[in-house]
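Below is one structure, written out as C-alpha coordinates; the observations come after it.
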Amino acid sequence: MAHYIFREQLAIKYPTYGHALWEPNPGVYSAVEVGDVGFIREGKFHRLFNALLSAEHPSHQRFGVPEYHEPLRPNILEHVDSGILSPNDFHSAGVTVHAGGLDFSAPELESLAQVSFSCNRKRGAVLSLPVQAQRKDTIAREAFRQWIVKHIDRWFAFTKQLELGIDQMEDIILVTGCHRTRSSTNVAFFESQADAQVSFGVEVAGNPSNMITWQFSREQTQGAVLNRGPSGTDLAEDQCIFIRGFRVTRLLKILPRQLRGAAEHAPDPDTELKPIPPVTKVQYPV
(Lines give C-alpha, C1' and ligand atoms only; values in the text may rest on other atoms or scores of the structure.)
Protein backbone atom coordinates (compact mmCIF):
# COMPACT_ATOMS: atom_id res chain seq x y z
CA MET A 1 0.00 0.00 0.00
CA ALA A 2 2.78 2.46 0.86
CA HIS A 3 4.40 2.18 -2.57
CA TYR A 4 1.06 2.81 -4.29
CA ILE A 5 0.25 5.90 -2.19
CA PHE A 6 3.76 7.25 -2.73
CA ARG A 7 3.64 6.88 -6.51
CA GLU A 8 0.05 8.05 -6.86
CA GLN A 9 0.44 11.22 -4.80
CA LEU A 10 3.71 12.36 -6.35
CA ALA A 11 2.43 11.63 -9.87
CA ILE A 12 -0.36 14.15 -9.34
CA LYS A 13 2.06 16.88 -8.23
CA TYR A 14 5.02 16.04 -10.50
CA PRO A 15 3.66 14.20 -13.57
CA THR A 16 6.64 14.96 -15.83
CA TYR A 17 9.09 13.22 -13.49
CA GLY A 18 7.53 9.84 -14.21
CA HIS A 19 7.00 6.91 -11.84
CA ALA A 20 8.26 7.61 -8.30
CA LEU A 21 9.90 4.44 -6.97
CA TRP A 22 9.23 3.60 -3.34
CA GLU A 23 12.29 1.32 -3.31
CA PRO A 24 15.06 3.13 -5.22
CA ASN A 25 17.85 0.73 -4.24
CA PRO A 26 18.74 -1.58 -7.17
CA GLY A 27 19.88 -4.33 -4.82
CA VAL A 28 21.33 -7.21 -6.82
CA TYR A 29 20.49 -5.47 -10.08
CA SER A 30 22.61 -2.94 -11.93
CA ALA A 31 21.69 0.71 -11.50
CA VAL A 32 18.83 1.76 -13.77
CA GLU A 33 19.95 2.94 -17.21
CA VAL A 34 18.27 4.28 -20.32
CA GLY A 35 17.33 1.28 -22.48
CA ASP A 36 16.62 -1.08 -19.59
CA VAL A 37 13.69 -3.45 -20.03
CA GLY A 38 11.99 -4.64 -16.87
CA PHE A 39 8.97 -4.30 -14.61
CA ILE A 40 7.95 -2.53 -11.41
CA ARG A 41 6.69 -4.57 -8.48
CA GLU A 42 5.81 -3.07 -5.09
CA GLY A 43 7.64 0.14 -5.92
CA LYS A 44 10.89 -1.45 -7.12
CA PHE A 45 12.16 -1.66 -10.69
CA HIS A 46 13.43 -5.11 -11.70
CA ARG A 47 15.77 -5.04 -14.66
CA LEU A 48 15.75 -7.96 -17.11
CA PHE A 49 18.04 -6.76 -19.90
CA ASN A 50 19.01 -3.61 -21.80
CA ALA A 51 17.64 -3.06 -25.30
CA LEU A 52 20.69 -0.98 -26.26
CA LEU A 53 23.22 -3.69 -25.43
CA SER A 54 24.23 -6.84 -27.26
CA ALA A 55 23.24 -10.29 -26.05
CA GLU A 56 26.84 -10.95 -24.97
CA HIS A 57 27.01 -7.98 -22.60
CA PRO A 58 28.05 -9.03 -19.06
CA SER A 59 24.94 -7.43 -17.54
CA HIS A 60 22.82 -10.03 -19.34
CA GLN A 61 24.32 -13.01 -17.56
CA ARG A 62 21.61 -13.28 -14.92
CA PHE A 63 18.46 -13.54 -17.05
CA GLY A 64 19.78 -13.73 -20.59
CA VAL A 65 17.90 -12.00 -23.41
CA PRO A 66 14.79 -12.81 -25.46
CA GLU A 67 15.06 -15.01 -28.53
CA TYR A 68 16.34 -13.20 -31.63
CA HIS A 69 17.50 -10.26 -29.50
CA GLU A 70 18.97 -7.40 -31.48
CA PRO A 71 20.21 -4.15 -29.90
CA LEU A 72 18.42 -0.90 -30.50
CA ARG A 73 20.56 1.52 -32.51
CA PRO A 74 19.06 5.03 -32.56
CA ASN A 75 20.01 7.17 -35.55
CA ILE A 76 21.38 9.73 -33.12
CA LEU A 77 24.70 8.46 -31.74
CA GLU A 78 24.73 10.58 -28.56
CA HIS A 79 21.04 10.33 -27.78
CA VAL A 80 21.10 10.54 -23.96
CA ASP A 81 20.57 14.01 -22.49
CA SER A 82 21.71 14.71 -18.92
CA GLY A 83 20.70 17.18 -16.25
CA ILE A 84 20.58 17.78 -12.51
CA LEU A 85 17.68 17.75 -10.07
CA SER A 86 18.61 19.99 -7.15
CA PRO A 87 18.12 18.92 -3.52
CA ASN A 88 14.59 19.56 -2.32
CA ASP A 89 11.57 18.15 -0.50
CA PHE A 90 9.13 16.92 -3.13
CA HIS A 91 5.71 16.50 -1.51
CA SER A 92 2.09 16.07 -2.49
CA ALA A 93 -0.79 18.42 -1.85
CA GLY A 94 -1.88 18.51 1.77
CA VAL A 95 1.65 17.97 3.09
CA THR A 96 3.27 20.83 4.99
CA VAL A 97 7.01 21.31 5.47
CA HIS A 98 7.50 22.88 8.88
CA ALA A 99 10.06 25.46 9.96
CA GLY A 100 13.45 24.16 10.92
CA GLY A 101 13.76 21.96 7.85
CA LEU A 102 16.56 21.67 5.38
CA ASP A 103 18.07 24.81 3.88
CA PHE A 104 18.36 23.74 0.28
CA SER A 105 19.61 27.16 -0.82
CA ALA A 106 22.98 26.32 0.74
CA PRO A 107 25.39 24.29 -1.40
CA GLU A 108 26.00 21.76 1.39
CA LEU A 109 24.55 20.94 4.80
CA GLU A 110 27.38 21.21 7.30
CA SER A 111 25.46 20.09 10.38
CA LEU A 112 22.57 17.83 11.29
CA ALA A 113 19.31 19.41 10.13
CA GLN A 114 15.91 18.38 11.41
CA VAL A 115 13.03 18.30 8.95
CA SER A 116 9.35 17.79 9.82
CA PHE A 117 6.27 17.11 7.71
CA SER A 118 2.58 16.87 8.49
CA CYS A 119 -0.34 15.76 6.35
CA ASN A 120 -3.92 17.02 6.70
CA ARG A 121 -5.37 14.71 4.04
CA LYS A 122 -6.10 11.01 3.99
CA ARG A 123 -3.15 10.37 1.70
CA GLY A 124 0.17 12.09 1.15
CA ALA A 125 3.76 11.52 0.10
CA VAL A 126 7.19 13.07 0.51
CA LEU A 127 10.48 12.48 -1.29
CA SER A 128 13.23 14.13 0.74
CA LEU A 129 16.31 14.64 -1.41
CA PRO A 130 19.29 16.09 0.52
CA VAL A 131 21.75 15.79 -2.39
CA GLN A 132 21.34 16.32 -6.10
CA ALA A 133 20.09 13.68 -8.50
CA GLN A 134 21.38 13.07 -12.02
CA ARG A 135 18.80 13.03 -14.78
CA LYS A 136 19.21 10.98 -17.96
CA ASP A 137 16.72 10.90 -20.84
CA THR A 138 16.91 9.75 -24.42
CA ILE A 139 16.00 12.32 -27.03
CA ALA A 140 15.32 9.50 -29.52
CA ARG A 141 11.93 8.87 -27.95
CA GLU A 142 10.21 7.92 -31.21
CA ALA A 143 12.86 5.26 -31.91
CA PHE A 144 12.21 3.79 -28.46
CA ARG A 145 8.44 3.88 -29.01
CA GLN A 146 8.69 2.02 -32.29
CA TRP A 147 11.12 -0.50 -30.78
CA ILE A 148 8.87 -1.59 -27.95
CA VAL A 149 5.92 -1.97 -30.33
CA LYS A 150 8.04 -4.13 -32.62
CA HIS A 151 9.47 -6.39 -29.90
CA ILE A 152 6.86 -6.46 -27.12
CA ASP A 153 5.52 -9.91 -28.07
CA ARG A 154 8.96 -11.54 -27.81
CA TRP A 155 9.69 -9.68 -24.60
CA PHE A 156 6.40 -10.83 -23.11
CA ALA A 157 7.09 -14.45 -24.13
CA PHE A 158 10.53 -14.10 -22.53
CA THR A 159 9.02 -13.08 -19.19
CA LYS A 160 6.62 -16.02 -19.33
CA GLN A 161 9.56 -18.40 -19.82
CA LEU A 162 11.23 -16.91 -16.75
CA GLU A 163 8.04 -17.52 -14.71
CA LEU A 164 8.12 -14.05 -13.20
CA GLY A 165 4.39 -13.85 -12.65
CA ILE A 166 3.89 -11.19 -15.32
CA ASP A 167 0.46 -11.82 -16.81
CA GLN A 168 0.02 -8.62 -18.82
CA MET A 169 2.37 -7.19 -21.41
CA GLU A 170 1.68 -3.67 -20.15
CA ASP A 171 3.69 -4.56 -17.05
CA ILE A 172 6.84 -4.51 -19.22
CA ILE A 173 8.66 -1.16 -19.37
CA LEU A 174 11.27 0.17 -21.77
CA VAL A 175 13.15 2.85 -19.83
CA THR A 176 13.63 6.16 -21.63
CA GLY A 177 14.79 8.19 -18.65
CA CYS A 178 15.45 8.23 -14.91
CA HIS A 179 16.73 10.25 -11.97
CA ARG A 180 19.45 8.66 -9.84
CA THR A 181 20.91 9.91 -6.60
CA ARG A 182 23.05 8.66 -3.72
CA SER A 183 20.44 8.73 -0.97
CA SER A 184 16.92 9.92 -0.22
CA THR A 185 14.04 9.17 2.13
CA ASN A 186 10.47 8.35 1.10
CA VAL A 187 7.39 8.98 3.21
CA ALA A 188 3.84 7.71 2.65
CA PHE A 189 0.98 9.01 4.79
CA PHE A 190 -1.86 6.53 5.26
CA GLU A 191 -5.50 7.31 4.53
CA SER A 192 -6.56 5.75 7.83
CA GLN A 193 -5.03 8.48 9.97
CA ALA A 194 -5.60 12.22 9.98
CA ASP A 195 -3.05 14.82 11.13
CA ALA A 196 -0.18 12.43 10.49
CA GLN A 197 3.34 13.73 10.99
CA VAL A 198 6.96 12.64 10.73
CA SER A 199 10.35 14.13 11.65
CA PHE A 200 13.90 13.03 10.99
CA GLY A 201 17.40 14.40 10.77
CA VAL A 202 19.90 14.42 7.92
CA GLU A 203 23.50 15.59 7.66
CA VAL A 204 25.46 16.08 4.45
CA ALA A 205 29.14 16.83 4.86
CA GLY A 206 32.30 16.93 2.78
CA ASN A 207 33.10 18.46 -0.59
CA PRO A 208 31.58 17.26 -2.74
CA SER A 209 28.94 15.95 -0.38
CA ASN A 210 30.62 12.58 0.16
CA MET A 211 29.03 11.74 3.52
CA ILE A 212 25.30 11.39 4.21
CA THR A 213 23.86 10.55 7.63
CA TRP A 214 20.19 9.98 8.45
CA GLN A 215 18.71 9.90 11.95
CA PHE A 216 15.26 8.51 12.69
CA SER A 217 13.13 7.90 15.76
CA ARG A 218 9.95 5.86 15.97
CA GLU A 219 8.51 8.34 18.44
CA GLN A 220 8.63 11.02 15.74
CA THR A 221 6.56 9.05 13.22
CA GLN A 222 2.77 9.00 13.41
CA GLY A 223 0.43 7.77 10.68
CA ALA A 224 3.23 7.36 8.15
CA VAL A 225 5.62 4.79 6.72
CA LEU A 226 9.23 5.65 5.86
CA ASN A 227 11.73 4.08 3.52
CA ARG A 228 15.08 5.67 4.26
CA GLY A 229 18.05 5.71 1.96
CA PRO A 230 21.58 4.60 2.79
CA SER A 231 23.95 6.47 5.09
CA GLY A 232 27.68 6.48 4.59
CA THR A 233 30.66 7.92 2.77
CA ASP A 234 31.22 8.00 -0.99
CA LEU A 235 27.90 6.34 -1.73
CA ALA A 236 27.27 5.21 -5.29
CA GLU A 237 24.81 7.23 -7.35
CA ASP A 238 22.61 4.19 -7.97
CA GLN A 239 19.37 5.06 -6.14
CA CYS A 240 16.67 5.51 -8.81
CA ILE A 241 13.98 7.87 -7.49
CA PHE A 242 12.06 8.51 -10.74
CA ILE A 243 11.75 6.35 -13.84
CA ARG A 244 10.23 7.14 -17.23
CA GLY A 245 9.50 4.88 -20.14
CA PHE A 246 7.05 3.22 -22.50
CA ARG A 247 4.45 0.51 -21.95
CA VAL A 248 2.35 -1.23 -24.60
CA THR A 249 -1.29 -2.20 -24.19
CA ARG A 250 -3.14 -4.34 -26.71
CA LEU A 251 -6.84 -3.54 -26.84
CA LEU A 252 -8.68 -6.52 -28.32
CA LYS A 253 -12.06 -5.45 -29.63
CA ILE A 254 -14.76 -8.09 -29.85
CA LEU A 255 -17.77 -7.82 -32.17
CA PRO A 256 -20.76 -10.21 -32.16
CA ARG A 257 -21.42 -12.12 -35.37
CA GLN A 258 -24.76 -13.80 -36.04
CA LEU A 259 -24.48 -17.41 -37.23
CA ARG A 260 -28.08 -17.48 -38.46
CA GLY A 261 -28.07 -14.64 -40.92
CA ALA A 262 -31.81 -14.50 -41.55
CA ALA A 263 -32.85 -14.58 -37.91
CA GLU A 264 -33.92 -11.20 -36.62
CA HIS A 265 -33.77 -12.29 -32.99
CA ALA A 266 -31.08 -14.96 -32.80
CA PRO A 267 -30.73 -16.66 -29.39
CA ASP A 268 -27.57 -16.12 -27.35
CA PRO A 269 -26.09 -19.61 -28.05
CA ASP A 270 -25.97 -18.74 -31.76
CA THR A 271 -23.82 -15.64 -31.18
CA GLU A 272 -20.09 -16.00 -31.80
CA LEU A 273 -17.48 -13.50 -30.64
CA LYS A 274 -15.45 -12.38 -33.62
CA PRO A 275 -12.13 -10.67 -32.83
CA ILE A 276 -10.95 -7.81 -35.00
CA PRO A 277 -7.30 -6.69 -35.23
CA PRO A 278 -6.14 -5.46 -31.81
CA VAL A 279 -5.34 -1.82 -31.22
CA THR A 280 -1.82 -1.18 -29.95
CA LYS A 281 -1.64 1.65 -27.42
CA VAL A 282 1.70 2.98 -26.21
CA GLN A 283 1.70 4.68 -22.80
CA TYR A 284 4.20 7.33 -21.72
CA PRO A 285 5.42 7.93 -19.11
CA VAL A 286 5.03 4.77 -17.06
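Scope of the values below: all heavy atoms of this structure, side chains included, with no hydrogens, waters or symmetry mates. Throughout, numbering of the chain's residues begins at 1 and tracks the sequence.
Of all the heavy atoms in I148 and I172, the pair that sits closest is CD1-O, 4.4 Å. Of all the heavy atoms in S184 and P130, the pair that sits closest is CA-CD, 4.2 Å. Here the shortest heavy-atom pairing between A2 and A188 reads O-CB, 3.7 Å. The two residues A93 and R121 have their closest heavy-atom pair at CB-NH1, 3.6 Å. Residue D137 comes nearest to R244 through the heavy atom pair OD1-NE, 2.8 Å, listed as atom of the first residue, atom of the second, then distance. Between F49 and G64, the closest heavy-atom pair is CB-O, 3.9 Å.
A salt bridge links R123 with E8: the closest approach of a Lys/Arg side-chain nitrogen to an acidic carboxylate oxygen falls below 4.0 angstrom. By the 4.0 Å N-to-carboxylate-O rule, D167 lies close enough to K160 to be salt-bridged with it. A salt bridge is defined here as a Lys NZ or Arg NE, NH1 or NH2 lying under 4.0 Å from an Asp or Glu carboxylate O, and R180 with D238 fails to meet this definition. A salt bridge is defined here as a Lys NZ or Arg NE, NH1 or NH2 lying under 4.0 Å from an Asp or Glu carboxylate O, and R135 with D81 meets this definition.
Within 6.0 Å of the NZ atom in K44, the count of heavy atoms belonging to other residues, nucleotides or ligands exceeds 12.
For the pair S183 (side chain) and P230 (backbone), a donor-acceptor distance under 3.5 Å is present. A donor-acceptor distance shorter than 3.5 angstrom exists from the side chain of N25 to the backbone of G27, with no hydrogens or angles considered. Between the R73 side chain and the L52 main chain, a donor and an acceptor come within less than 3.5 Å of each other. With hydrogens and angles disregarded, no donor-acceptor distance shorter than 3.5 Å links the side chain of K136 to the backbone of E33. Using a distance-only test at 3.5 Å, with no hydrogens or angles considered, a donor-acceptor pair links the side chain of N50 to the main chain of V34. Proximity of a side-chain donor or acceptor of S92 to a complementary backbone N or O of A125 within less than 3.5 Å is detected. Formation of a donor-acceptor pair under 3.5 Å by the T181 side chain with backbone atoms of Q132 is found in this model. The main-chain N or O of S54 is found under 3.5 Å from a side-chain atom of H60 such that the two form a donor-acceptor pair. Between the side chain of R228 and the main chain of T185, no donor-acceptor pair closer than 3.5 Å is present. At least one donor-acceptor pair closer than 3.5 Å links the side chain of Y14 to the backbone N or O of H91.
At a threshold of 4.5 Å between non-hydrogen side-chain atoms, the residues Q239 and R182 do not count as touching. Within the 4.5 Å cutoff, side-chain heavy atoms of S199 are placed close to those of Q114. Side chains of V202 and Q215 form no contact here, defined as non-hydrogen atoms less than 4.5 Å apart. With contacts defined as side-chain heavy-atom distances shorter than 4.5 Å, the pair P24/N227 qualifies.
Relative orientation of the H79 and F144 rings is tilted, given thresholds of 30° and 60° on the angle between their planes. Using the six-membered ring where Trp is involved, F39 and H46 have ring planes that are parallel, under 30° apart on the 30 and 60° scheme.
To the nearest 0.5 Å, atoms CZ (R247) and CG (D171) are separated by 6.5 Å. Going from atom CZ of F158 over to atom NE2 of H69 covers 9.5 Å, rounded to the nearest 0.5 Å. Going from atom CH2 of W147 over to atom CG of L72 covers 5.5 Å, rounded to the nearest 0.5 Å. Atom CZ of residue F189 and atom CD of residue Q222 lie 10.0 Å apart, to the nearest 0.5 angstrom. Here OH of Y29 is found 4.5 Å from CZ of F63. Values are rounded to the nearest 0.5 Å. A distance of 10.5 Å separates CD in Q220 from CG in L226, rounded to the nearest 0.5 Å.
Partner of E170 under the side-chain contact (heavy atoms from CB on, under 4.5 Å) criterion, chosen from I152, V286, T249: T249. Each of L21, N186, L127 was checked for a side-chain contact (heavy atoms from CB on, under 4.5 Å) with I241, and the lone residue meeting it is L127.
Under the salt bridge (Lys or Arg N to Asp or Glu O under 4.0 Å) criterion, R47 pairs with D36, sequence neighbours left out. Under the salt bridge (Lys or Arg N to Asp or Glu O under 4.0 Å) criterion, E23 pairs with no residue, sequence neighbours left out.
Cluster annotation: V175 and L85 are assigned to distinct hydrophobic clusters (Ile/Leu/Val/Met/Phe/Trp/Tyr, side-chain heavy-atom contacts under 4.5 Å, transitive). Hydrophobic clustering (side-chain heavy atoms under 4.5 Å, transitive across Ile, Leu, Val, Met, Phe, Trp, Tyr) keeps I166 apart from I40. In the hydrophobic clustering of this structure, V149 does not group with I173; members are Ile, Leu, Val, Met, Phe, Trp, Tyr whose side-chain heavy atoms approach within less than 4.5 Å, directly or through other members. Following chains of ILVMFWY side-chain contacts shorter than 4.5 Å, one cannot reach F246 starting from L53, and the two form parts of different hydrophobic clusters. Follow the hydrophobic side-chain contacts under 4.5 Å out from L10 and you reach M1 in the same cluster.
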Let me see the working for F6 and V126 under side chain to side chain contact (heavy atoms under 4.5 Å, CB included), right down to the final yes or no. CA-CA 7 Å; F6 181 73; V126 178; over 6 Å; no
Step by step, work out the side chain to side chain contact (heavy atoms under 4.5 Å, CB included) result for L174 and H151. CA-CA 11 Å; L174 173 59; H151 294 278; over 6 Å; no
Between E70 and K150, does a salt bridge (Lys or Arg N to Asp or Glu O under 4.0 Å) hold up when you go through it step by step? CA-CA 11 Å; E70 55 178 321; K150 178 181 179 181; 3.7 Å; yes
S128 and F200: side chain to side chain contact (heavy atoms under 4.5 Å, CB included), yes or no, with the steps? CA-CA 10 Å; S128 186; F200 52 83; 3.9 Å; yes
Could you please spell out the steps behind the side chain to side chain contact (heavy atoms under 4.5 Å, CB included) verdict for L129 and N88? CA-CA 5 Å; L129 182 66; N88 209 335; 5.7 Å; no
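When only modelled atom types and interatomic distance are considered, N210 and T233 share no side-chain donor-acceptor pair under 3.5 Å.
Taking the six-membered ring for Trp, H179 and Y17 have ring centres closer than 6.0 Å. Aromatic rings of H19 and F242 (six-membered ring for Trp) have centroids beyond the 6.0 Å cut-off, not under it. With ring centers used as reference points, F117 lies 6.0 Å or more from H98. W22 and Y4 have their aromatic ring centers separated by at least 6.0 angstrom.
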